[in-house]
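Worksheet: the structure to be examined is printed underneath.
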Amino acid sequence: MRILLVGASGTIGRLVYDTLRERGHDVVTVGRSSGDVRCDVTDPVQVEELWSKVGEIDAVVSTAGHVRYAPLAELTSDDFAAAFADKALAQINLVRTGLEHLAPKGSFTLISGIPSRDPVVSGAAAAAVNGAIEAFARAAAIEIAPRRINVISPSVLEESLEAFGDFFPGFEPVAGAEVARAFVKSVEGAATGQILALP
Ligand SMILES: NC(=O)c1ccc[n+]([C@@H]2O[C@H](COP(=O)([O-])OP(=O)(O)OC[C@H]3O[C@@H](n4cnc5c(N)ncnc54)[C@H](OP(=O)(O)O)[C@@H]3O)[C@@H](O)[C@H]2O)c1
């Protein structure tokens, strides 16, 4: 398959890239300052340019998006707006504008994260944004068939424990290889409208 991978240089993106390549896929990588095609997916103009550069795609995989972790009393309206724009709206717009560039039985696989189903202190913005992505995917799935859409929702990765582990006390981390495997399940399988929660 020809797969567009947004965020391929990141912690999750690198693992997903290696796994998809090992499985024989042609992977077009995207990032703001990295990848085969440079594109800030929060910018609709750059996203339109992205589609015109890449042509038809069999699968769109997103492993990007930043959300601020801080106590609710310190999170501002701007923090919530920025988190929503960077992670939720950017991925929603990738789907909305990508539909016409996706093969008839192609798929979207988005990224969310565990705080939407298992809250953590300082994770209110992450919970809200991840929940929005998951709700969107369930709703989009019933309109885009036979194209498909799923969301991967991991706990903190073993590979990210040093950076984020303190926000997830007592949580079971997930191996990056398992997260990459979930992306393969979404891309190569037949599921749609699913939230693939890990572990
Ligand atoms: N790491 C974890 O433990 C974990 C667990 C659960 C969920 N998640 C979620 O998974 C996603 C990725 O996490 P990560 O730890 O892999 O992040 P990361 O290491 O910071 O990587 C982010 C990647 O996305 C790209 N990117 C960021 N903003 C972009 C934009 N506006 N347009 C295009 N590309 C963009 C970056 O490349 P450029 O800098 O070149 O743009 C980079 O390749 C996040 O949404 C995070 O919340 C992570």
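Numbering of ligands and ligand atoms starts at 1, following listing order.
Not a single N or O atom of Ile111, backbone or side chain, sits closer than 3.5 Å to an N or O atom of ligand 1. The shortest N/O to N/O separation between Ala64 and ligand 1 falls below 3.5 Å. For ligand 1, none of its N or O atoms has an N or O atom of Gly13 under 3.5 Å away. For ligand 1, none of its N or O atoms has an N or O atom of Val6 under 3.5 Å away. Considering backbone and side-chain N/O atoms, Val30 never comes within less than 3.5 Å of an N/O atom of ligand 1. Geometrically, ligand 1 and Gly31 share no nitrogen or oxygen pair separated by less than 3.5 Å.
Protein heavy atoms come within 4.0 Å of atom 21 (O) of ligand 1.
Contact annotation: for Ser160 versus ligand 1, heavy atoms closer than 4.0 Å belong to the side chain alone. Under 4.0 angstrom from ligand 1, there are no non-hydrogen atoms of His66. By the criterion of a heavy-atom distance under 4.0 Å, the backbone of Ser112, and not its side chain, is placed next to ligand 1. At a 4.0 Å heavy-atom cut-off, ligand 1 does not touch Ala126 at all.
Close approach of ligand 1 to Val156 is summarised as follows: ligand atoms under 4.0 Å from at least one heavy atom of the residue are 3 (O). Interface of Asp40 with ligand 1, defined as ligand atoms under 4.0 Å from a residue heavy atom, comprises 30 (C), 31 (N), 32 (N). Close approach to Ser33 involves these atoms of ligand 1, each under 4.0 Å from a residue heavy atom: 38 (P), 39 (O), 40 (O), 41 (O).
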* Give the C-alpha distance, both sets of side-chain angles, the deciding distance and a yes or no for side chain to side chain donor-acceptor pair (under 3.5 Å) between Thr29 and Asp36. => CA-CA 5 Å; Thr29 59; Asp36 301 322; 3.2 Å; yes
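Asp58 contributes a side-chain N or O that, together with a main-chain N or O of Arg2, makes up a donor-acceptor pair within less than 3.5 Å. Without hydrogens or angle criteria, Arg138 side chain to Gln194 main chain gives no donor-acceptor distance under 3.5 Å. Judged by distance alone, with hydrogens and angles left aside, the side-chain atoms of Ser186 form no donor-acceptor pair with the main-chain N or O of Phe183 at under 3.5 Å. Of the possible polar contacts, none joining the Gln91 side chain to the Leu110 backbone as a donor-acceptor pair under 3.5 Å is found. Looking only at distances, no side-chain donor or acceptor of Ser122 sits under 3.5 Å from a matching main-chain atom of Tyr69. Without hydrogens or angle criteria, Arg117 side chain to Ala197 main chain gives no donor-acceptor distance under 3.5 Å.
Scanning for side-chain hydrogen bond (donor to acceptor under 3.5 Å, both in side chains) contacts around Glu134 gives Ser112, Ser116, with sequence neighbours left out.
Within the structure, the closest approach of Cys39 to ligand 1 falls below 4.0 Å when heavy atoms are considered. Contact between Ser155 and ligand 1 is present, with at least one heavy atom of the residue lying under 4.0 Å from the ligand. Within the 4.0 Å heavy-atom shell around ligand 1 one does not find Val67.
The distance from the CD1 atom of Ile152 to the CG atom of Leu196 is 4.5 Å, given to the nearest 0.5 Å.
Neither side chain, Lys185 nor Asn150, offers a donor N or O lying under 3.5 Å from an acceptor on the other.
Using a cutoff of 4.0 Å between basic side-chain nitrogens and carboxylate oxygens, Arg32 and Asp40 are not scored as salt-bridged.
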